[in-house]
Amino acid sequence: MNIKNLQLFIHLSDSLSFHQTAQSMHISPSALSRVIQRLEQELGQSLFQRDNRSVELTMAGKKLIPVASNIISNWLSLKTELNSDSSLLQGKLKIFCSVTASYSHLPAILTAFRHRYPQIEIQLLTGDSALAIDKVLNNDVDVAITAKPDQLSAKLTYIELDHIPMSVIAPTIAPPAIQPLLSNEPNWQALPFIIAEFGPARSRATTWFKEKKISPPIYAQISGHEAIVSMVALGCGIGIAPDVVINNSPMSDKVQRFPTELIAPLSLGLCCKQSRHQENILKALLKLF
């Protein structure tokens, strides 16, 4: 049981809406559901009665509210006392992440960091997640939110934030050129694919091809995952992309997943150089985890 989980519980007990709490607390509904399930397992009691239409507190949930509120209040008071000089920390923190990560995972980190260190200037750079590691190693940025590479340099510290499922997607309305290849059983060998140019997402796609024993035509190799969803939605071919990118894409309603096709998930995390751990701003950031 940790403070963040209790804060999520308190918010949910007030909103009685997983969607509303997830949106307000910058967490995915599925992750919120897992947090509540862990709390219920720790207590050995159900905290909410929920179905497709409503969410209601159980008696155990009602009893937990004042206990959780006191724990949170005491914890915040202690942090304020111990970190009374935290606002004196000043400087700039340069962060790199993909466009999708900038609104799926970064807000929760920045909210906590800015609350404790309001004088620090945040400089955000966005781009292809596959470029993040090099930017950290070259000191172009202080820290990055990125998928964990297959081989992580010993010079880096990596703190896992989330596991990101990946999916094979096709256009909801397929153009005539590929429609016959999708009828009944998809003809994977002949379908044109749109995949990441390099990085962990590319290696996942390559592994899936090997498992399927196929060598399909590659229509495009994309730098950045967001454009994969757009090109698939436009009917250019079949794509392999992270679910968080698909879910947050403005074209998400124009693509469909193949739920039976399993691809290894990505590990998403915070990455920085080990040699810089003792720098005041990075040290302050890492204390949040």
Side-chain angles (χ1 to χ4, degrees), residues 2-9 11-12 18-38 93-117 120-136 140-149 152 156-167 196 199-201 204 223-229 240-252 263-273 281-282 284-289:
N2 61 44
I3 299 300
K4 178 63 176 179
N5 290 354
L6 293 178
Q7 290 172 324
L8 290 169
F9 164 76
H11 193 288
L12 181 57
F18 276 76
H19 175 76
Q20 183 178 332
T21 291
Q23 188 173 45
S24 299
M25 300 294 283
H26 306 293
I27 187 174
S28 69
S30 60
L32 174 60
S33 181
R34 290 194 295 271
V35 167
I36 298 303
Q37 288 172 1
R38 283 197 294 269
L93 179 67
K94 296 178 69 174
I95 303 174
F96 180 87
C97 65
S98 68
V99 172
T100 297
S102 72
Y103 46 79
S104 65
H105 290 80
L106 183 61
I109 297 172
L110 288 190
T111 297
F113 189 68
R114 281 174 166 159
H115 177 74
R116 294 185 63 180
Y117 307 103
I120 294 178
E121 176 188 350
I122 304 297
Q123 183 177 351
L124 176 63
L125 290 80
T126 59
D128 183 0
S129 177
L131 303 175
I133 297 297
D134 285 342
K135 288 187 176 293
V136 171
D140 295 329
V141 296
D142 302 310
V143 66
I145 298 175
T146 183
K148 185 179 182 180
L152 184 68
L156 297 173
T157 291
Y158 178 84
I159 301 172
E160 187 171 84
L161 301 174
D162 200 359
H163 275 88
I164 307 297
M166 296 191 68
S167 294
R204 298 297 191 281
S223 176
H225 303 145
E226 289 80 7
I228 294 176
V229 183
I240 298 178
D243 279 11
V244 67
V245 176
I246 301 168
N247 296 339
N248 286 284
S249 171
M251 309 290 276
S252 61
I263 297 178
L266 298 173
S267 170
L268 187 75
L270 199 71
C271 183
C272 66
K273 292 180 72 172
I281 294 178
L282 274 177
L285 177 65
L286 295 176
K287 280 184 178 179
L288 298 179
F289 301 94

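By convention here, the first residue in the shown sequence is residue 1. Predicted model, so just to flag it, every value in this text is computed and none were measured.
Listed here is the closest heavy atom pair of Ile240 and Ile228: O-CD1, 3.7 Å. Of all non-hydrogen atoms in Pro149 and Pro200, the two that sit nearest each other are CA-CG, 3.9 Å.
In this structure Ser167 satisfies the side chain to side chain contact (heavy atoms under 4.5 Å, CB included) test together with Ile169, Asp243, Ile246, Arg257, sequence neighbours excluded. Under the rule for a side chain to side chain contact (heavy atoms under 4.5 Å, CB included), the partners of Ala284 that lie at least two apart in sequence or sit in another chain are Leu89, Phe113, Tyr117. Taking the salt bridge (Lys or Arg N to Asp or Glu O under 4.0 Å) definition, one finds that Asp142 meets it with Arg276, sequence neighbours left out.
Considering CG of Leu32 and CG of Leu8, their distance stands at 6.0 Å, rounded to 0.5 Å. Note that the CG atom of Asn247 and the OG atom of Ser28 stand 9.0 Å from one another [nearest 0.5 Å]. Here the straight-line distance linking atom CG of Leu286 with atom CD1 of Ile281 works out to 12.0 Å at 0.5 Å rounding.
Proximity of a side-chain donor or acceptor of Ser252 to a complementary backbone N or O of Ser249 within less than 3.5 Å is detected. At distances below 3.5 Å, at least one donor-acceptor pair connects side-chain atoms of Asn2 with backbone N or O atoms of Asn5. For Lys273 (side chain) and Val136 (main-chain N/O), no donor-acceptor pair under 3.5 Å exists by modelled atom type.
Inter-residue side-chain proximity for Phe96 and Thr146 is flagged as unmet; no heavy-atom pair is nearer than 4.5 Å.
Partner of His105 under the side chain to side chain contact (heavy atoms under 4.5 Å, CB included) criterion, out of Ile164, Ile27, Thr100: Ile164 alone.
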